[in-house]
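Before any comments, here is the structure.
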There are 4 protein chains.
Amino acid sequence: MIITLASYKGGAGKTTSAVHLAAYFQTLAPTLLLDGDKTKNALNWSQRGKGFSFRVAPVDQAARLAKNYEHIVIDTGQRPDAADLKEAVDACDLLIIPATPSPLDTDGLIQTVLALKKIGTDSFRVLLTKVPPPPERDALELRKLLEDEGVSIFKGEIPRLKAFEKAAGAGEIVQQTNDRNATRAWDSYMAVGKELM
Amino acid sequence: MIITLASYKGGAGKTTSAVHLAAYFQTLAPTLLLDGDKTKNALNWSQRGKGFSFRVAPVDQAARLAKNYEHIVIDTGQRPDAADLKEAVDACDLLIIPATPSPLDTDGLIQTVLALKKIGTDSFRVLLTKVPPPPERDALELRKLLEDEGVSIFKGEIPRLKAFEKAAGAGEIVQQTNDRNATRAWDSYMAVGKELM
Amino acid sequence: MIITLASYKGGAGKTTSAVHLAAYFQTLAPTLLLDGDKTKNALNWSQRGKGFSFRVAPVDQAARLAKNYEHIVIDTGQRPDAADLKEAVDACDLLIIPATPSPLDTDGLIQTVLALKKIGTDSFRVLLTKVPPPPERDALELRKLLEDEGVSIFKGEIPRLKAFEKAAGAGEIVQQTNDRNATRAWDSYMAVGKELM
Amino acid sequence: MIITLASYKGGAGKTTSAVHLAAYFQTLAPTLLLDGDKTKNALNWSQRGKGFSFRVAPVDQAARLAKNYEHIVIDTGQRPDAADLKEAVDACDLLIIPATPSPLDTDGLIQTVLALKKIGTDSFRVLLTKVPPPPERDALELRKLLEDEGVSIFKGEIPRLKAFEKAAGAGEIVQQTNDRNATRAWDSYMAVGKELM
DNA sequence: TGAGTTAGAATGGCACCACCCGTC
DNA sequence: GACGGGTGGTGCCATTCTAACTCA
């Protein structure tokens, strides 16, 4: 299975999602994470600690490495344009668009996603990330908005937790991090992974 | 005075900073905000509400409009590369790099900023944004790190407040928003603006 | 069902009524709101926020869109003349005339409505809007006056609440607005909608 | 002096303003109020009671009557279009645009007024009417908005008082009405009249 | 008859509470 | 486990306007 992550907007937790979904797939079968972002955050992350259980490589090495892995997760850059997203969609089985609930970007996100639907692609899903705790309701509203528009969206959502940043800083998967909320953080990505199967 | 905002990473509050700094300058002299981001967030923001006290226009109209304004704020896109930033720096009096304290991006930010210094430019400053409330210390640590490296950084910093998102959603300046923390949010940008004068 | 809103006098809450009745019908079946007012307030309203759950379009697009919708609400302009109203009545199943209780306009409203009855139309109803709180009794008196004249009038009436203006400013339905009286405001239109069925 | 009243939106207190400004001018010199509105509200108002101290006539009689009066106030209809307003402006010394602070109409009002300015006319002023009591701040915000755009606006504003409706219902000037706030209501128009001289 | 008082309603501002997160 | 901070929800208060009532 080939999964691509591309965000409409930067700072939406794209790399974090790529890393943890790769970690989840690795529990099922050999998995490769291809870092296609200019900032090479996924690679840096993996090199900062003791290494991940799965292989991480720059996207250029896709051709060389792909045949050895059952699952491939591609972390690609920010793609604000529907046409850009269409390209990414065509190259994978499923495109995941991580999105933070933020009124500033809601408009653009909706428009882009609808444009994507109009182009004729349905093989993409939105993942709500960095969701603040209740009683904040922006995530709920964004979810409702997308559902009303018929956009596919993961039921699971990723809470805004320091544990993720700790993990990134330490070069670890959030599961391995010393944080009270580590398991909850990991569970949130596990739930998303299970939705994928 | 021409000020450009360019972020190393998306989602750092670049547009929010551009809008509110433009609002601050407008209190001093006629100000123009040029939106150079692909997502045209600043333009959308201004069109969502009753309009701003300052003029907002796409960056293409720079040549036509520039002569009528005392201050110009340019909201440009994400520029992860030091060379990209150098270009932006050369076209303005001061480049402001909004940055969120996040371990994931700290490394890349530092490297980019140091590369910028090595190239020979000093006319840029880092602005810490979306700073979580104490007792979180990531902002303090990032600040110390940058100061130790001799990077210019604003003393003022922008707290992570819902008021900013409310304002963006309503198409307003945060000052005008109905929120408990609206004045504090506005004061944080006022302080940054005063540092600039 | 095709419902037209036309007011004898401007500022009677015609657009507000059109928007909220359309929102009510949308809860029952696909609904289209046609904006036929020169000021295009309904369209602006819908574009100011995140969009409505129902479709809004200029009245010119009626022919193209009508077949896809179960209910159509038409927001037409001010029509002080009985002959003008007659035209509007003939083009729909029911004409709703929103009217504010105001001694200045009572005379003209009564005369117009009676002229309309004399012409031979009964498929219109008056809706009292912007009703001030007790102990003001103008609304009661206007209602009694109209009932005595045999004019059809909605039992439900719309109170004068800031929530409606907030909603209009935010580009939302009043139900979604952050206001203490939002639900009461919405309930008042729900009651009117139920009277219609 | 020839003063015309034209509102961007109905229900803004246009007729009320015309009547009371005519009453004010009558205290200075012989004044004529021309009713050019289709609903003939000003004429009806004057005929409902004992008559006004000034002369009221349909606008068609302008040519016949004008020469006998020092001041003429013209109550014309709703004119949502800047071009319509331009016509009205050219026919008088000053155009007064009564406007109610209402988020729904703010956008349209601003655009119309700015278009009027762009056309090249400066001989018009906005009058805030039906201003709700504090702590509501919409009037303040609309005033600030207009001032920021450089639109001429009366310092005096007309409060939303029942006294005006009582007066209209009784065919009187508000000054003569039996209401606790009658003098305050009258004073508000007196202040506007003094601003005109 | 006229002036002062009272009750009811709506608005905005403020304080308080519960819940959640992060650090110590 | 305690503490500080942000967010949303609820409730209270001051202000204003209207109509009805009371009292001189």
Side-chain angles (χ1 to χ4, degrees), chain A residues 101 103 130-141 158-167 169 177-182 184-185 188, chain B residues 101-103 130-141 158-166 176-185 188, chain C residues 101-103 130-141 158-166 169 174 177-185 188, chain D residues 101-103 130-141 158-166 169 177-185 188:
Chain A
K130 298 192 174 178
V131 174
E136 284 196 58
R137 295 172 317 178
D138 284 342
L140 273 166
E141 288 173 11
I158 311 304
R160 183 184 71 193
L161 290 176
K162 191 70 182 301
F164 287 116
E165 295 182 14
K166 272 190 197 170
T177 301
N178 174 26
D179 188 283
R180 196 195 313 238
N181 295 108
R184 190 155 80 84
S188 71
Chain B
S102 152
K130 299 192 174 178
V131 175
E136 282 199 58
R137 296 172 320 178
D138 285 342
L140 274 166
E141 289 171 8
I158 311 304
R160 183 183 72 194
L161 290 176
K162 190 73 183 301
F164 287 115
E165 295 182 14
K166 274 191 196 170
Q176 306 162 346
T177 300
N178 176 23
D179 187 282
R180 206 187 334 231
N181 295 107
T183 58
R184 193 155 79 81
S188 71
Chain C
S102 152
K130 298 192 175 178
V131 174
E136 283 198 57
R137 295 173 320 180
D138 285 341
L140 274 166
E141 289 171 9
I158 311 303
R160 184 183 71 193
L161 289 176
K162 188 73 181 300
F164 287 116
E165 295 183 14
K166 272 191 197 171
V174 74
T177 300
N178 177 23
D179 188 283
R180 209 188 330 231
N181 296 106
T183 58
R184 192 155 81 81
S188 71
Chain D
S102 151
K130 299 192 174 178
V131 174
E136 283 198 57
R137 296 171 317 177
D138 284 343
L140 272 166
E141 288 173 10
I158 311 304
R160 183 182 72 194
L161 290 175
K162 190 72 183 302
F164 288 115
E165 296 182 13
K166 275 191 196 169
T177 301
N178 173 25
D179 188 282
R180 193 194 314 243
N181 294 107
T183 59
R184 189 154 79 84
S188 71

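Letters go in sequence order (proteins before strands), and every chain restarts at 1.
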[X] versus [Y]: any side-chain heavy-atom pair under 4.5 Å?
X      : Y      : result
B/N178 : B/K166 : no
C/D138 : C/P132 : no
D/P159 : D/S188 : yes
C/P133 : C/R160 : yes
D/L161 : D/K130 : no
C/T177 : C/F164 : no

Checklist entry - To the nearest 0.5 Å, how far apart are CD in B/Q176 and CZ in D/R137? => result 10.0 Å
Next on the checklist: Can you give me the closest heavy-atom contact between B/P103 and A/G169, atom names plus distance?
Outcome noted: CB-CA, 3.7 Å
Checklist entry - What are the 5'-most and 3'-most nucleotides of DNA chain F lying under 4.0 Å from any heavy atom of chain D? => result F/dT16 to F/dA20
How many whole angstroms separate atom [atom1] of [X] from atom [atom2] of [N]?
X      : N      : atom1 : atom2 : answer
C/R160 : E/dG8  : CZ    : C1'   : 14 Å
C/R137 : E/dG8  : CZ    : C1'   : 15 Å
A/K130 : E/dC21 : NZ    : C1'   : 16 Å

Item to check | Toward the 5' end of DNA chain F, by each residue's nearest nucleotide, A/E136 or D/N181 | outcome: A/E136
Checklist entry - Checking all strands, does B/N178 fall into the base, sugar-phosphate, or nothing category for heavy-atom contacts under 4.0 angstrom? => result nothing
Checklist entry - Which part of the nucleic acid, if any, lies within contact of A/D179, taking any heavy atom under 4.0 Å across all strands shown: a base, the sugar-phosphate backbone alone, or nothing? => result nothing
Checklist entry - Can a side chain N or O of A/K162 be found less than 4.0 Å away from OP1 or OP2 on E/dT23? => result yes
Name the pairs: protein N/O against N/O of nucleotides 16-20 of chain E, kept only if under 3.5 Å.
from: E/dC16; atom 1: N4; to: B/R180; atom 2: NH1; distance (Å): 3.2

